[in-house]
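Here the structure is laid out as structure tokens; the discussion comes afterwards.
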Amino acid sequence: MTVAALEALTRNAVDVLPHGELARKLERGRPLRVKLGIDPTAPDIHLGHTVPLGKLAAFQRAGHTAVLIVGDYTARIGDPSGRSKERPVLSTEELDANARTFAEQAFRILDRERTEVRYNSEWLGQLDFAGVLGLTRTTTVARLLERDDFARRLAAEEPISISELLYPLMQGYDSVAIEADVELGGTDQLYNLLCGRDVMEAYGLEPQVALTLPILVGTDGRDRMSKSKGNYIGVAEPPEEQFGKLMSIPDTATADYWRLCLDEEPLAGEPMEVKLGLARRIVRRYHGEEAAVVAEAHFTRVVRRHEAPEEVREVRVRAEGESAWLPGLLRTWFDLPSTSEGRRLVEQGGIRVAGAVVRDERVPWGSLDGALVQAGKRRFARVVVESPSA
RNA sequence: GGGGGAGUUCCCGAGUGGCCAAAGGGGACCGGCUGUAAACCGGUUGGCACCGCCUUCGGAGGUUCGAAUCCUCCCUCCCCCA
């Protein structure tokens, strides 16, 4: 075990507790069982998830065993970490579907052959009431209420359910079940990870090392990346989408993205160049070199030069009546929520036909046939008008 | 078991009988500007072929010319005391 190897495993880590324990475990020379738990509450993995996943992959490359816990059982409760409200409970079907795609997407980062995927319903589902009681005896209410989330919610007179209180214990029991040596998580997981130590000890096991990583901010540069906040970049999203979203993050967040998503130091240079470099590398990582080049070209063309993309989908419409009524047509072409939305777009000068802004709701059919219609800055369609009798 | 309080448009949150499709903020969308899908500035933001009509303020009834606002019952949630 070299100093450099230890450095690689702990790079970007915020806490590695207890101090010196990881080095001690590594020195024994046997592969460690490194645990990362994920809640299948959303179907897609985003860049925020890739931070601990990337760290897990790093352990894997160093010869250790990655144990990916899919929290299909715990998800029924919802992790209260960082939450100010109870989470909505998902149906079993949704959770199952999410769990599958989630694990699948995780293999974009992990080595499939060397990853142990476990569903925690495997052991949590086996616990009878006596087992649950045994688990609850490992801690006290006061200790559970120590954590910030709970303390804050209690102070704000917001509800905390008993099942949420049990969450850290269940997560800790996962560590018992798989005999974890190390557990990874975001800084918001610190309490849960440490609670896991106590639970393991109570079950006669050597407590795990808790390794926490920074929380990645979302594209808004402010809040943590999450699906529900709509500020996320999914690893399975199309290349153009990823590239554009990455370019939209605030400059202040760029360096963090380099370190946490790529595990590299940011380039030196102009902010724009640094961000372009980031977007290229990330898209390349998840979609390959060629897709990255195409995505960048698309960005340059559509966003920077305000031109239409190379390929524009075609929409067909049958000419009916004297003239075309745009709000209704826009609704179907661009999947708008209502025709009122279409009206607003026209009113606000957000609609261009063949490059010219259109301000009337009615236009001659002739002006639409073969024309490129643009809604806002990024939505395009090529129109084909069919004659009414055809 | 007793007492108090809350449920409003995508979210938070004003609104206690007509001036309410409902303040303000967030988000989203459009426009301007820009290296950017950032920041900033301006506008829009229930639906409908829309100068008018329809639906919305936890649910169901009721009072009234007129209700998000008043009454009754119900549902959900929170706090305090025990």
Side-chain angles (χ1 to χ4, degrees), chain A residues 47 83-89 150 152-162 164 217-223 225-234 237-257 267 269-280 282-283 295-309 317 320-353 356-363 373-380:
Chain A
L47 291 181
R83 282 274 159 166
S84 55
K85 291 184 175 182
E86 282 186 76
R87 287 182 192 243
V89 176
F150 288 146
R152 197 167 27 235
R153 280 162 65 177
L154 207 56
E157 303 191 339
E158 278 161 3
I160 299 169
S161 65
I162 303 285
E164 285 182 285
V217 295
T219 52
D220 54 14
R222 196 180 58 241
D223 296 330
M225 183 173 285
S226 87
K227 173 108 177 172
S228 56
K229 288 204 177 90
N231 62 358
Y232 73 105
I233 303 175
E237 279 191 85
E240 288 80 11
E241 213 45 36
Q242 287 185 340
F243 201 99
K245 284 186 176 183
L246 284 162
M247 291 308 292
S248 81
I249 65 171
D251 290 347
T252 49
T254 313
D256 276 348
Y257 271 62
L267 295 174
E270 291 296 307
M272 184 65 173
E273 274 308 313
V274 178
K275 209 192 285 186
L276 281 169
L278 171 78
R280 280 182 204 124
I282 289 182
V283 175
E296 179 165 4
H298 180 270
F299 180 80
T300 304
R301 202 179 156 90
V302 178
V303 180
R304 302 183 75 176
R305 307 216 316 252
H306 304 294
E307 293 170 7
V317 61
E320 275 170 37
E322 288 292 298
S323 56
W325 184 61
L326 282 174
L329 294 173
L330 293 170
R331 176 179 184 172
T332 60
W333 294 344
F334 298 108
D335 196 27
L336 304 178
S338 65
T339 58
S340 294
E341 188 66 32
R343 278 175 192 277
R344 276 176 223 126
L345 278 168
V346 174
E347 245 169 61
Q348 299 181 137
I351 298 299
R352 286 166 185 271
V353 174
V357 174
V358 173
R359 292 198 175 271
D360 293 319
E361 290 184 10
R362 292 201 159 276
V363 296
V373 176
Q374 180 176 0
K377 290 192 174 77
R378 289 158 53 206
R379 287 172 285 185
F380 298 86

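Values reported hereafter were calculated over all heavy atoms of this structure, with side chains retained and with hydrogens, waters and symmetry mates removed. Here is how names work: the chains are called A, B, and so on, in the same order as the sequence lines, proteins then strands, and each is numbered from 1.
- The separation of B:rG43 from B:rG26, taken at their P atoms, amounts to 13 Å, rounded to a whole angstrom.
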In sequence, state the C-alpha distance, the side-chain angles, and the governing distance for A:V363 and A:V353, and then conclude on side chain to side chain contact (heavy atoms under 4.5 Å, CB included). CA-CA 10 Å; A:V363 296; A:V353 174; 5.8 Å; no
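- The phosphate of B:rC48 has OP1 or OP2 within less than 4.0 Å of a side-chain N or O from A:T339.
- Taking the C1' atoms as reference points, B:rC81 lies 31 Å from B:rC70, given to the whole Å.
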Can you give me the N/O atom pairs linking the protein to nucleotides 22-27 of chain B at distances under 3.5 Å, or say none if there are none?
none

Which atom pairs, donor and acceptor, lie under 3.5 Å between side-chain atoms of residues 320-328 of chain A and protein residues at least two apart or in another chain?
unit_1, atom_1, unit_2, atom_2, d
A:S323, OG, A:R362, NH1, 3.2
A:W325, NE1, A:E361, OE1, 3.3

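- B:rC54 and B:rA21: their P atoms are spaced 12 Å apart (whole Å).
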Do any side-chain atoms of residues 333-340 of chain A form donor-acceptor pairs under 3.5 angstrom with protein atoms, and if so which ones, sequence neighbours left out?
unit_1, atom_1, unit_2, atom_2, d
A:S338, OG, A:S340, N, 3.4
A:S338, OG, A:E341, N, 3.1

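- For the side-chain hydrogen bond (donor to acceptor under 3.5 Å, both in side chains) condition, the pairs that include at least one residue of residues 241-252 of chain A, sequence neighbours left out, are A:E237-A:K245, A:Q242-A:H287, A:D251-A:K275.
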Would you list the protein and nucleotides 32-34 of chain B atom pairs, both N or O, that sit under 3.5 Å from each other?
unit_1, atom_1, unit_2, atom_2, d
B:rU34, O4, A:H306, NE2, 3.3

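- Across all strands shown, B:rG5 is found opposite B:rC77 as a Watson-Crick or G-U wobble partner, with both distances under 3.5 Å.
- Only the P atoms considered, B:rA23 is 16 Å distant from B:rU8, to the nearest whole Å.
- Residues satisfying the side-chain hydrogen bond (donor to acceptor under 3.5 Å, both in side chains) test with A:D256, not counting sequence neighbours, are none.
- Across residues 325-335 of chain A, A:W325, A:R331 each have a non-hydrogen atom less than 4.0 Å from an atom of RNA chain B (numbered order).
- Side-chain N/O atoms of A:R379 include none lying less than 4.0 angstrom from OP1 or OP2 on B:rC29.
- Residue side chain A:S340 reaches the base of B:rC50 through a donor-acceptor N/O pair under 3.5 Å, judged by distance alone.
- In this structure, the side-chain hydrogen bond (donor to acceptor under 3.5 Å, both in side chains) partners of A:Y232, at least two apart in sequence or on a different chain, are A:K227.
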Heteroatom pairs (N/O) under 3.5 angstrom, protein to nucleotides 41-43 of chain B:
unit_1, atom_1, unit_2, atom_2, d
B:rG43, N2, A:Q348, OE1, 3.1

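- A gap of 15 Å separates the C1' atoms of B:rG62 and B:rU69, to the nearest Å.
- To the nearest whole angstrom, the two P atoms, one in B:rU9 and one in B:rA22, are 15 Å apart.
- Per the geometry, CZ belonging to A:R378 stands 8 Å off P belonging to B:rC30, to the nearest Å.
- Separation of the P atoms belonging to B:rU56 and B:rG1 is 36 Å when rounded to the nearest angstrom.
- Residue-to-nucleotide proximity on RNA chain B shows that, of A:M272 and A:S338, the 5′-proximal contact is made by A:M272.
- Nucleotides B:rU45 and B:rC19 have their C1' atoms positioned 22 Å apart, rounded to a whole Å.
- Nucleotides of RNA chain B nearest to A:I351 and A:F299 differ in position, and the one nearer the 5' end is that of A:I351.
- Residue A:R344 places its side chain closer to B:rU44 than to any other of B:rU44, B:rC29, B:rU36.
- Base orientation of B:rC30: anti (glycosidic angle beyond 90° from 0).
- B:rG66 makes up no base pair with any nucleotide shown, lacking Watson-Crick or G-U wobble contacts both under 3.5 Å.
- In this view, A:E296 and A:R280 satisfy the side-chain hydrogen bond (donor to acceptor under 3.5 Å, both in side chains) rule, not counting sequence neighbours.
- Remark: B:rC10 base-pairs with B:rG26; criterion is Watson-Crick or G-U wobble with both hydrogen-bond distances under 3.5 Å.
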Quick one: do A:F243 and A:H298 satisfy side chain to side chain contact (heavy atoms under 4.5 Å, CB included)? Show the steps, please. CA-CA 9 Å; A:F243 201 99; A:H298 180 270; over 6 Å; no
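- By the side-chain hydrogen bond (donor to acceptor under 3.5 Å, both in side chains) test, A:D223 pairs with no residue at all, sequence neighbours left out.
- For the side chain to side chain contact (heavy atoms under 4.5 Å, CB included) test, residues two or more places apart in sequence or in another chain that qualify with A:Q374 are A:R352, A:F380.
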